[in-house]
Structures are given as C-alpha cells and as structure tokens.
Undergrad: 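A single structure is presented below for examination.
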Number of protein chains: 2
Amino acid sequence: VGMTERPATAVFDEATAVRPAGPGRYQVRPDERFALVAPGGITPPAVNGGVMVATMLRAVLDTSPHPHPVATSAHFLRLPQLEPAEVEVTWLKQGRTAATARAALIQDAQVALDVTVTTGRLPDDPGRAADGELTWTGHPPKLPPFEECVNLGPWRGTVGADGIAGYAAQVDLRMDPATTGWRHGEPSGIPEMRGYFSLREQRDPDAYLLAVAVDALPPVVFGLGAAGWAPTVELTWHMRAVPAPGPLVVAAQCRHVSGGWFDAEAEVWDAAGRLAAQGRQLARVGRSSKSARR
Amino acid sequence: VGMTERPATAVFDEATAVRPAGPGRYQVRPDERFALVAPGGITPPAVNGGVMVATMLRAVLDTSPHPHPVATSAHFLRLPQLEPAEVEVTWLKQGRTAATARAALIQDAQVALDVTVTTGRLPDDPGRAADGELTWTGHPPKLPPFEECVNLGPWRGTVGADGIAGYAAQVDLRMDPATTGWRHGEPSGIPEMRGYFSLREQRDPDAYLLAVAVDALPPVVFGLGAAGWAPTVELTWHMRAVPAPGPLVVAAQCRHVSGGWFDAEAEVWDAAGRLAAQGRQLARVGRSSKSARR
C-alpha cells in the first residue's frame, strides 16, 4: 500500500505475528531472527524481550475496544524457547475510556512472560489539543545529529560464531558517542545510553515497534563497565503518542544499582519531536560483569 | 516490641490487614480511614490506591519465598467500595532469585485492582556492597529542610463536610514551598511535587508504606493548574532498599500531558539518604480541571 517498494510483510511483522487458535488464544513462535546471540553460542538464544511483548500486544489488540496500548506491564519469568507457544488473553474490564487485559505467553505449560495491558485512545493529532485541554511536555533528550552518531553494528553479546546475527542484524542503532566508550574498554562511568533506533528494513514505527524501542539500546550498566546479558525482570511502558515515520530517538538512564538489581528509564521520541513512549525496567546485572570489569 | 509507647497495631496495619480464607485467598476490607474524601461528598469515597496495593502485597508476601516486592505493577480498573472484598493470589513462578505472582482484588465478582508482583531479596546492608559488586546511585532530590516545608494538612479534595478526614488525616506531608503555589491559586507552571512523607501515627516505613509513598503527594498536574481527583490508571513501582526509620523524601515529576493522560515519576528516599523506591504511573487529568483552571 506504500509509495515505496518494500516486501508485503516486514520481517518484524512476521516475527511478531499471532494466529487465532480459539477464544482468547493465539499461536505464536519466538523468532530467532530477533534473538540475542550469546557469546560462544552456549546458551539457547533469547529472543529480545520487546519483540515478545510486541507479539503479545498483537494478541491483546486483536480484541481490544480501544486502539492504543497506553500502559503495558511485563514480568519476565522464563526464557521463551524457539518453538511454538501460545498467548492467552483474558479481558478484565472493557470500559469507555480504558480496557484492561491480562496476557500470558505459555510454553511447556508454564508462563514464560506475563503481561497486563491497559488500552485507550491517544489523540489523533497531538499537535492540536482540544479547546481548554491541558497539554505539557518536558524537554527532549539532547543528541548529536544522526550522521555524527556511532553505527553500533554488532556489539558485545550480539555476535555468534557466524558473525552478526539475530537482533543486532535487524536493528539500526546510531549511538551518541558520549555513551559508547565501553566498546573500547573506556566506559563513561555514567549509566546512560542514547541513540537513534529503527529497523534495518523499511518499516515505520507503531505501537509494536515502540514496545521494542523502550528496551532497544545496550544495557545502561555497560556505561559502568558491566558486561554480558542483563536480563529484564520487569518492564512497564506507556504509549504517549502515535509515532511519526522516521527513526526514533531513545534515551535511557539508570538511577540505582545495588544487590545485583538495576533500573533503566527510557524515553522514546519520534522524528516529529514528540514523546511517543516512556518505559522503566528492573533488570539483573549480567553474571559476567565482575570478571569483565577493569 | 519498641522502645517508644505506641498502640499494638497501627491504623495503617489495621487498614491493610488480610485474613486467610483458603488457598491463595484472603479477605480484606477497603478502609474509609484512608479514603480520599470527595468535595461535596457526592461520589463514594475512593480509598487511596497505594493503600490498596499495600493490602494486596501483604497477601502476596504471605506465601512468597522472597521477602521484598522488588517490582509491583498495578492496573486500576474499578473503584473499590468500602465493603468486604477478596484478594486472590496465583504464583506463576517461584525461582531462586525471583518469584512472580498475580493478585486480583475481587469485589462483586469483578476485578477492581489487578496486580503483578515479582519478589526478590534486597541487600541487608546496602551500604556494604559485596566484594566486586557493582553499585551506583544518582543524585538525590533537593528539598529545603523539613522545618521550612509547608505542612499540607487538608488540601483541595481531601476535606468533607465534617472537615479533614480520610487519607489526609492519616498522613503527614511537608511540601517544598516551590511546589505548593496551587494552594493559593498560583500554580508554579511545572508539574512536580516534592515533600517529606510519613504517617501521623508513629510507624516506621517498610515495603507496605513505600507502596503508599510512591503515590503519596498531590497530583503533579496541580502544578499546571489542574484540580480535582486524578485517577491512576496504572502504577508500577520498584523497591530498591529496605527503608531506614524516619520520614521519607518523595519527589515526583511529570514528562507529558496529552489527551487527558499524564505520567508521574516518583522517587522515594529514606532518612538515611538511600533510594528506597521508584514509581511511575499513568493517570487521567481530573474531570474538573478545565473549569478550575485560570
């Protein structure tokens, strides 16, 4: 339907597809094209958490009375395996302003990912507020121009025996150089990451891609010298605007690291300069951090 | 057990008590002593959301293998009524590092409040990190000294026909004067609130009181001239440290108001200067905002 040539179905849309399998039930399959490739290839590949949440949002929105997932809370329990799974959707309320559903990703009769979603309607044109409507927005993050940013390409933890693969091969990340010192052993000492995010394939952002964007950057604790996979325990994100076409700006920061737990707050701004999504997660510091630190 | 005289059971602990009623089931009763008193007394009183979440956390922790609610996501569906209700707890995973349960507050056979909780263990002494453990904390919020802050007492929306009552009569809020201009019709123009929070009765903070603290202050949009009750749609909070005795510092800010939705990020620091909790919520701008704005 577009003016530009592109495949009928984007890889991202294939990877997050859901197939109805009965009332409130959907067949899905975690897709290795969005897996994080573990160094050495020892552990089973873990599919990017945001991609799994996007998959579950498709199932929820399939029967939602409202179009936008305004609040999505996800608790990550078990690593989804690269085999068929089922999403179960249960509506708890369908109200005029908001509707809330629970969704569970079931694999081997266990919940791998537990999500609660409240849907609602965001303004069609956030630039035109209704008469007397209260509107306000904080300052956007400051990033260097796109062309001055670091094309992250394959980074630590994303390269297998066969080179770049999985998630890192699907996304285009251009990082603020101030947040990439960890790539050459000189972490900034500040747990923050900033960059431009888009898919490598041509596909405009929407709610599903925002679900990925809120956890799209390398872990903020890399800025403190940590290394290795930092598994998300819980991630909640709020959709605030329907994103305009173009690369998204993602800015993430951490406030506290203690006892092996750390937080990461992310803001996602669209190419039109609007705050499109906000996320916060609690995660575990990667197990290899200690030995990897200098 | 304390060195100071105080009642055997604090009002807060009575109001958040749960009584086992079968496997995974608990009887509770939303307590009017923590209700927000609506102006004019027309609508049924709404019990403070954090107090309801604290109640549900008691039910979850009753059978949790870990002591601390490190991540709590709450979706608010229906106003709990001041009558008996039931909390249903379902464990989805009980792992070595983390355990996750769903809990639902059921009233009239409907889910009023839906909560997912991941429990874990926080450090006994956050000041003493294990050898080689990664620790880091951002800057704390800046507040004037306690004695220079504004004793909020009864504020807009908390006073009924009989004077101060409910929630406002239970909590002691001392607000940074920079964030209280809305009290005399001069909102600061910035959606933020900062203050010291404790119960009026003598009771030290713990996980349950942190659940209240993350949404303890007046709505941040009061700083933009909004008024009236601003119902929380979703609130997720992370417990980051076991709080020290003494008043809590709460700092809340908003990033975006649009389409009737606004966010509020809150940090809770304990009297020892540690980040004890972080919360973020999505809420609705109060219905009376428009007419109340100047």
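The chains referred to below are lettered A, B, ... by the order of the sequence lines, with proteins before strands, and numbering in each begins at 1.
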Undergrad: Salt bridge or not for Glu265(B) and Arg280(B), using N-O below 4.0 Å?
TA: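 Looking at Glu265(B) and Arg280(B), the cut-off is met.
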Undergrad: Report the option among Arg102(B), Gln278(B), Glu234(B) that has the most heavy-atom pairs separated by less than 4.5 Å from atoms of chain A.
TA: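 Greatest number of close heavy-atom pairs with chain A: Arg102(B).
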Undergrad: Got Met193(B) and Trp182(B) here, is their nearest side-chain heavy-atom distance under 4.5 Å?
TA: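 Touching, per the 4.5 Å side-chain cut-off.
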Undergrad: Are side-chain N/O atoms of His68(A) and Thr119(A) paired as donor and acceptor at under 3.5 Å?
TA: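 No donor-acceptor contact under 3.5 Å links the two side chains.
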Undergrad: Looking only at heavy atoms and a cut-off of under 4.5 Å, which of His139(B), Arg255(B), Lys93(B) has the most pairs with chain A?
TA: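 That would be Arg255(B).
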Undergrad: Hey, is CZ on Arg78(B) packed in by over 12 heavy atoms from elsewhere, all under 6.0 Å?
TA: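 Atom CZ in Arg78(B) is crowded, with more than 12 foreign heavy atoms closer than 6.0 Å.
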Undergrad: Which residue out of Leu92(B), Thr118(B), Thr137(B), Val257(B) racks up the most heavy-atom pairs below 4.5 Å with chain A?
TA: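 Ranked by heavy-atom pairs under 4.5 Å with chain A, first place is Val257(B).
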Undergrad: With respect to Pro243(A), which candidate in Val268(A), Leu210(A), Leu275(A) satisfies the side-chain contact (heavy atoms from CB on, under 4.5 Å) definition?
TA: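 Among Val268(A), Leu210(A), Leu275(A), the one meeting side-chain contact (heavy atoms from CB on, under 4.5 Å) with Pro243(A) is Leu210(A).
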Undergrad: Indicate whether any N or O donor in one side chain lies under 3.5 Å from an N or O acceptor in the other, for Gln281(B) and Asp215(B).
TA: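 Yes.
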Undergrad: Please examine the side chains of Pro80(A) and Val47(A), heavy atoms only from C-beta on, and report whether any two atoms are closer than 4.5 Å.
TA: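 No, side chains not in contact.
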Undergrad: Residue by residue, scan residues 110-117 of chain B and write down, ordered by number, those that have a heavy-atom distance under 4.5 Å to chain A; if none do, write 'none'.
TA: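 So far as heavy atoms go, Val111(B), Asp114(B), Val115(B), Thr116(B), Val117(B) are the residues that approach chain A to under 4.5 Å.
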Undergrad: Sort Glu192(B) into side chain, backbone, both or neither according to what part of it lies under 4.5 angstrom from a heavy atom of chain A.
TA: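 No part of it gets close to chain A.
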Undergrad: Going by side chain to side chain contact (heavy atoms under 4.5 Å, CB included), name the residues that satisfy it together with Gln94(B), two or more places apart in sequence or in a different chain.
TA: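 In terms of side chain to side chain contact (heavy atoms under 4.5 Å, CB included), with neighbours along the sequence ignored, Gln94(B) is linked to Pro65(B), Trp91(B), Ala99(B).
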